[in-house]
A.B. asks: 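Got a structure here, written out as structure tokens. Questions coming.
All ligand and atom numbering here is 1-based and tracks the order in the structure.
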Amino acid sequence: MKVLVAGGAGYIGSHCVRQLVAAGHEPVVLDNLVFGHRAAVAPEIEFHAIDLGDAPALEPLFAAHRFDLVMHFAAFAYVGESVTDPIKYYRNNVAAPLTLLETMLKHGVRKFVFSSTCATFGVPTRLPLVEDLPQAPINPYGQTKLDVENLLKALARSHGLSFAAFRYFNAAGAAEDGAIGEDHDPETHLIPLAMGAAQGHRPALQIFGTDYPTPDGTCLRDYVHVDDLSRAHIAVFERLATPGAQLFYNLGTGTPTSVREVIQAVEQVSGLKVPVVVGQRREGDPPALYADAAKARTELNWVPKFGSIGPIVETAWRWHQAHPHGYGDRPSS
Ligand code: UDP
């Protein structure tokens with residue numbers, strides 16, 4: 001398949017690009033490099049530094065290629081910022097994909113794979129989270145993702161668009177060969193912050209709350225390897241052959257892991273102590289989020305290769321040790 005990967009220089013998108021190549025597909029990457037890294041995409045892959053909301057720039061790209069499918073990873077994903085600057089989030093996460101979808105449909109491309117999130121569920125009414133639980137996001141970030149899910153449903157009916165929306169749980173880890181990994185600026189995610197603190201490159205890790213109704217008082221999350229996420233995106237191709245297919249999958253390992261367990265895993269893998277301070281709960285953090293991925297397992301034959309936190313952290317650590325300042329292409333690197 002010839003696949004346009006929007007956001008292909010970002011964390012999950014760049015891993016998916018490599019998995020596409022490994023599976024014999026032909027990715028073309030589009031990324032405005034606001035958060036993406038040029039070095040995360042191999043030089044032999046066709047790359048366009050354009051914004052997915054830039055219709056005049058998209059036109060020649062779609063005219064020059066016959067894409068079979070578009071994957072969309074290019075979203076802003078800082079929950080706190082989405083609360084303080086919702087316009088930025090609606091512009092980038094809703095208006096820009098609208099332009100991308102409009103352009104692709106105009107050019108007869110009718111298959112779409114969308115990065116959604118477990119944040120579309122808000123505070124879960126039941127655990128583990130199955131696909132058809134009520135979706136009630138508690139922040140603009142989750143709402144923008146849900147808005148796009150709803151737009152896709154409408155386009156499936158109006159234009160025969162076939163789509164898959166994957167609700168990721170906590171994407172983690174790095175490529176097994178250590179070639180690419182996680183580099184956010186600013187970094188807000190638990191695993192890279194814990195590794196940076198262990199190495200003394202970052203301040204002590206602040207644990208956001210130890211008074212949750214969980215076994216050790218810290219939040220439970222479902223950490224899923226970024227390459228496992230990527231493989232699901234490719235496993236769904238066959239099902240997208242049906243015009244108007246509307247597919248939703250929760251992607252997680254189903255294993256709840258606490259913040260303290262993540263810290264222990266980082267200490268075990270690195271052989272270093274993670275300095276911690278106990279802080280307040282972070283606003284908007286539900287006590288527990290973990291997936292029931294039975295649907296992906298049954299329909300896509302998706303079985304995560306990385307089933308627990310230790311091996312996931314091992315891959316993250318390999319990348320982090322070799323690249324303590326990420327790709328080194330940002331002023332704060
Ligand atoms: N967390 C923490 N300290 C940090 C960053 C995160 O205690 O500096 C906790 C956070 O409260 C959550 C878990 O780690 O329970 C995972 O947070 P992350 O930001 O990595 O992902 P999220 O679950 O927000 O998508």
Side-chain angles (χ1 to χ4, degrees), residues 10-12 35 73 75-83 89 93 115-124 127-129 137-146 166-174 181-226 229 250-267 274-291 309 312-313 315-317 319-320 326:
Y11 173 42
I12 305 173
F35 287 117
F73 296 90
F76 291 160
Y78 293 105
V79 169
E81 188 187 44
S82 80
V83 175
Y89 276 68
N93 292 6
S115 298
S116 191
T117 166
C118 63
T120 57
F121 290 105
V123 180
L127 287 166
L129 276 150
I138 56 169
N139 51 60
Y141 165 66
Q143 186 63 51
T144 59
K145 291 286 187 172
L146 183 56
F166 289 111
R167 283 90 170 243
Y168 307 150
F169 282 66
N170 287 56
E182 184 169 14
D183 178 6
H184 296 111
D185 183 24
E187 186 54 82
T188 60
H189 294 100
L190 178 60
I191 295 172
L193 290 179
M195 292 188 302
Q199 288 176 312
H201 294 141
R202 290 185 185 274
L205 179 76
Q206 195 180 148
I207 300 180
F208 294 146
T210 54
D211 58 350
Y212 282 99
T214 58
D216 68 14
T218 64
C219 287
L220 299 173
R221 292 289 181 275
D222 184 339
Y223 298 88
V224 52
H225 196 277
V226 64
L229 290 178
N250 290 355
L251 293 183
T253 63
T255 310
T257 305
S258 75
V259 173
R260 286 207 192 275
E261 286 170 329
V262 170
I263 295 168
Q264 273 163 19
V266 170
E267 290 184 336
V274 177
V276 298
V277 291
V278 171
Q280 296 297 310
R281 290 184 178 194
R282 184 173 64 178
E283 206 186 321
D285 267 345
L289 287 172
Y290 49 96
I309 193 69
I312 293 176
V313 168
T315 64
W317 177 243
W319 154 261
H320 199 81

A.B. asks: Which residue supplies the protein heavy atom nearest to atom 9 (C) of ligand 1, what is that atom called, and how far is it?
C.D. replies: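 Of every protein heavy atom, V259 CG2, 3.7 Å lies nearest to atom 9 (C) of ligand 1.
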A.B. asks: Is the distance between the ring centroids of F76 and F35 under 6.0 Å?
C.D. replies: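 Centroid separation for F35 and F76: below 6.0 Å.
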A.B. asks: Below 4.0 Å, non-hydrogen atoms only: which portion of Y223 touches ligand 1? Side chain, backbone, both or neither.
C.D. replies: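 The part of Y223 near ligand 1 is the side chain, not the backbone.
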A.B. asks: Just to be sure I read this right, does ligand 1 sit under 4.0 Å from the backbone of N170, its side chain, both, or neither, counting only heavy atoms?
C.D. replies: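 Answer for N170: side chain.
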A.B. asks: Classify the contact between L190 and ligand 1 as side chain, backbone, both or neither, using a heavy-atom distance cut-off of under 4.0 Å.
C.D. replies: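 Both of them.
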A.B. asks: Identify the protein heavy atom lying closest to atom 11 (O) of ligand 1, giving its residue, its atom name and the separation to 0.1 Å.
C.D. replies: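 In this structure, atom 11 (O) of ligand 1 has D285 OD2, 2.6 Å as its nearest protein heavy atom.
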A.B. asks: Under 4.0 Å from a heavy atom of T188: which atoms of ligand 1 are those, numbered in the order shown and with their elements?
C.D. replies: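 So the answer, numbered in order with elements, is 5 (C), 19 (O).
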A.B. asks: Within ligand 1, which atoms have a heavy atom of I207 less than 4.0 Å away?
C.D. replies: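 So the answer, numbered in order with elements, is 7 (O).
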A.B. asks: Nearest to atom 3 (N) of ligand 1, what protein heavy atom do you find, and at what distance?
C.D. replies: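 Looking only at protein heavy atoms, the one closest to atom 3 (N) of ligand 1 is Q206 O, 2.7 Å.
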A.B. asks: A291 and N250: which non-hydrogen atoms are nearest, and at how many Å?
C.D. replies: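 Result for this residue pair: CB-CB, 4.3 Å.
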A.B. asks: Per the side chain to side chain contact (heavy atoms under 4.5 Å, CB included) rule, which among L220, T218, D216 passes with V259?
C.D. replies: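 The residue from L220, T218, D216 that satisfies side chain to side chain contact (heavy atoms under 4.5 Å, CB included) with V259 turns out to be T218.
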A.B. asks: Counting only heavy atoms not in E283, do more than 12 fall under 6.0 Å of its CD?
C.D. replies: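 No - once you tally the heavy atoms of other residues, nucleotides and ligands closer than 6.0 Å, there are 12 at most.
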A.B. asks: Is the count of non-hydrogen atoms from other residues, nucleotides or ligands lying under 6.0 Å from Q280 atom CD greater than 12?
C.D. replies: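 Counting neighbours around CD of Q280, 12 or fewer heavy atoms of other residues, nucleotides or ligands fall under 6.0 Å, so no.
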A.B. asks: List the closest protein heavy-atom neighbour of atom 15 (O) of ligand 1: residue, atom name, distance to the nearest 0.1 Å.
C.D. replies: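 Ranking protein heavy atoms by distance from atom 15 (O) of ligand 1, first comes C219 CB, 3.0 Å.
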A.B. asks: So H184 and H189, would you call those rings parallel, tilted or perpendicular, with 30° and 60° as cut-offs?
C.D. replies: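 Rings of H184 and H189: tilted, as their planes differ by 30° to 60°.
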A.B. asks: Using a heavy-atom cut-off of under 4.0 Å, does the side chain or the backbone of I191 touch ligand 1, or both, or neither?
C.D. replies: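 Neither part.
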A.B. asks: Using a 4.0 Å heavy-atom cut-off, say whether R221 meets ligand 1 through its side chain, its backbone, both or neither.
C.D. replies: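 Just the side chain.
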A.B. asks: Who's the nearest protein heavy-atom neighbour of atom 19 (O) of ligand 1, and how far?
C.D. replies: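 For atom 19 (O) of ligand 1, the nearest protein heavy atom comes out as R282 NH2, 3.2 Å.
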A.B. asks: Judging by distance only, is a nitrogen or oxygen of F208 under 3.5 angstrom from one on ligand 1?
C.D. replies: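 It does: an N or O of F208 is found under 3.5 Å from an N or O of ligand 1.
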